[in-house]
Amino acid sequence: MSVRTPDPYPGWLSNEDLYEARNRLPMVYVEVVPVRIDPLGYVNEIGLLLQADEEGAMVRTLVSGRVLYRETIRAALIRHIEKDLGPLAFPQLPVSPLPFTVAEYLPSPSETGFTDERQHAVAMVYVIPVTGECEPRQDALELTWMTPEEVLSEDVQSEFVGGRGALVRQAISYAGLGR
C-alpha cells in the first residue's frame, strides 16, 4: 500500500531517479503547520493530518513536500497546501517567506532528533494561517483541528513520527502559546 500523494508533476523525476538522488543529495522540503487564528491573530486551532504509515499504524503529520527545481519557496508552499488541504484552504502566506525553523532529517537517528528513513532532507518549516474550507489529501484519512493544549497532550504527541511532534511544539512556542 502506497501512502504517497500522487505527484502532479510526474515528469520531475522518475521513481528510480528520485531514489538515486535521495541516496546522493539532501532534498529540500517545505513543511507547514496550518493554523486557524482569531481576529487578534492568536492561534486557536492547529490542523494535523491523520494517515496510515507503511505498516498500517495511524500517525499524525503536517503539510509537507519537496521544493521542485526552479520553484520558489512561496510557490512550493501554495502547491503543497493546496495538494494537502484542498484548493479552498485559502492560506495567508507571510510577506516574507522566512521559516520559523529549519529541520534536518537524516535516515537514521541522530543529534537532530528528526528522521526520514528514505533520505537526508532539509525542511523549512512555517506556521501559516488558513481561512477556508479544508479537505485532506488523498493519502490522509482526515484533517483534525485541535487546540494547542490538545496538540501538546501526551496522546497526540505520541502519534507523530520522525520528530514532527517536536516541530509542532516549536510552532506553538513560536506562536507565543508554549508551556
Between Val130 and Cys134, which heavy-atom pair has the shortest distance, and what is it? CG2-SG, 4.1 Å
Would the distance check show the side chain of Gln119 and the main-chain N or O of Glu117 forming a donor-acceptor pair, the cut-off being under 3.5 Å? no
What is the minimum heavy-atom distance between Trp145 and Pro34, and which atoms define it? CZ3-O, 3.7 Å
One should read off an interatomic distance between Ser64 OG and Leu167 CG, to the nearest 0.5 angstrom, of 10.5 Å
Side chain of Arg164, backbone of Gln157: donor and acceptor closer than 3.5 Å? no
Residue pair Met124 / Ile73, side-chain heavy-atom distance below 4.5 Å: yes
Is the side chain of Thr112 donor-acceptor paired with the backbone N or O of Glu104 at a distance under 3.5 Å, no angle test? yes
Set out, in order, the CA-CA distance, both residues' side-chain angles and the distance that settles side-chain contact (heavy atoms from CB on, under 4.5 Å) for Val156 and Leu48, then state yes or no. CA-CA 10 Å; Val156 173; Leu48 301 177; 4.0 Å; yes
Can you confirm whether Glu135 is buried at CD, in the sense that more than 12 heavy atoms of other residues, nucleotides or ligands lie under 6.0 Å from that atom? no
Determine, step by step, whether Leu106 and Asp116 satisfy the side-chain contact (heavy atoms from CB on, under 4.5 Å) criterion, reporting the C-alpha distance in whole Å, the side-chain angles of both residues, the deciding distance to 0.1 Å, and the verdict. CA-CA 6 Å; Leu106 296 172; Asp116 183 336; over 6 Å; no
Report yes if some heavy atom in the side chain of Phe90 is under 4.5 Å from a heavy atom in the side chain of Leu88; otherwise report no. yes
Look at the side-chain heavy atoms of Ile, Leu, Val, Met, Phe, Trp and Tyr, link any pair under 4.5 Å apart, and say whether Val168 and Leu152 land in one connected group. yes
With side-chain hydrogen bond (donor to acceptor under 3.5 Å, both in side chains) as the test, would you mind laying out the steps for Arg60 and Thr144 before giving the verdict? CA-CA 9 Å; Arg60 296 278 175 192; Thr144 307; 3.0 Å; yes
Could you grab the distance from atom CD of Glu82 to atom CG of Leu77, nearest 0.5 Å is fine? 13.0 Å
Do Thr131 and Arg36 have a side chain donor and acceptor closer than 3.5 Å? no
Minimal non-hydrogen separation, Tyr126 against Leu98, with atom names: CE2-C, 3.6 Å
Non-hydrogen side-chain atoms of Val125 and Val102 separated by less than 4.5 Å: no
Atom pair CD1 (Ile37) and CD1 (Ile128), whose distance is rounded to the nearest 0.5 Å: 11.5 Å
Check whether any side-chain heavy atom of Val63 lies under 4.5 Å from a side-chain heavy atom of Lys83, and answer yes or no. no
SB check Glu71 Arg66 (cutoff 4.0 Å): no
Is Glu150 reaching over with its side chain to a backbone N or O of Thr147, donor-acceptor style, under 3.5 angstrom? yes
Between Leu143 and Val161, is there shared hydrophobic-cluster membership here, with clusters defined by ILVMFWY side-chain heavy atoms closer than 4.5 Å? no
Check: Asn44 main-chain N/O paired with Asp38 side-chain donor or acceptor under 3.5 Å: no
For Glu133, I'd like to know if atom CD has over 12 heavy atoms of other residues, nucleotides or ligands within 6.0 Å. no
Got a second to check how far Asp53's CG is from Thr61's OG1, nearest 0.5 Å? 10.5 Å
Below 4.5 Å, heavy atoms only, C-beta onward: do Leu93 and Arg74 meet side chain to side chain? yes
Quick one: are Val67 and Val30 in side-chain contact, heavy atoms under 4.5 Å? yes
Intermediate values then yes/no, side-chain contact (heavy atoms from CB on, under 4.5 Å), Val122 and Met27: CA-CA 6 Å; Val122 177; Met27 303 301 285; over 6 Å; no
Side-chain contact, heavy-atom cut-off 4.5 Å: Val151 with Arg169? no
Under the side-chain contact (heavy atoms from CB on, under 4.5 Å) rule, what do Gln51 and Val59 come out as? Steps first, then yes or no, please. CA-CA 6 Å; Gln51 68 183 43; Val59 296; 3.9 Å; yes
Measure the shortest side-chain to side-chain distance between Pro148 and Ile46 over non-hydrogen atoms and say whether it is less than 4.5 angstrom. yes
Indicate whether the side chain of Tyr105 and that of Glu31 have a donor and an acceptor atom separated by less than 3.5 Å. yes
If I take atom OG1 from residue Thr115 and atom NE2 from residue His120, how far apart are they, to the nearest 0.5 angstrom? 12.5 Å
ILVMFWY network linking Leu50 to Phe160, side-chain heavy atoms under 4.5 angstrom: no
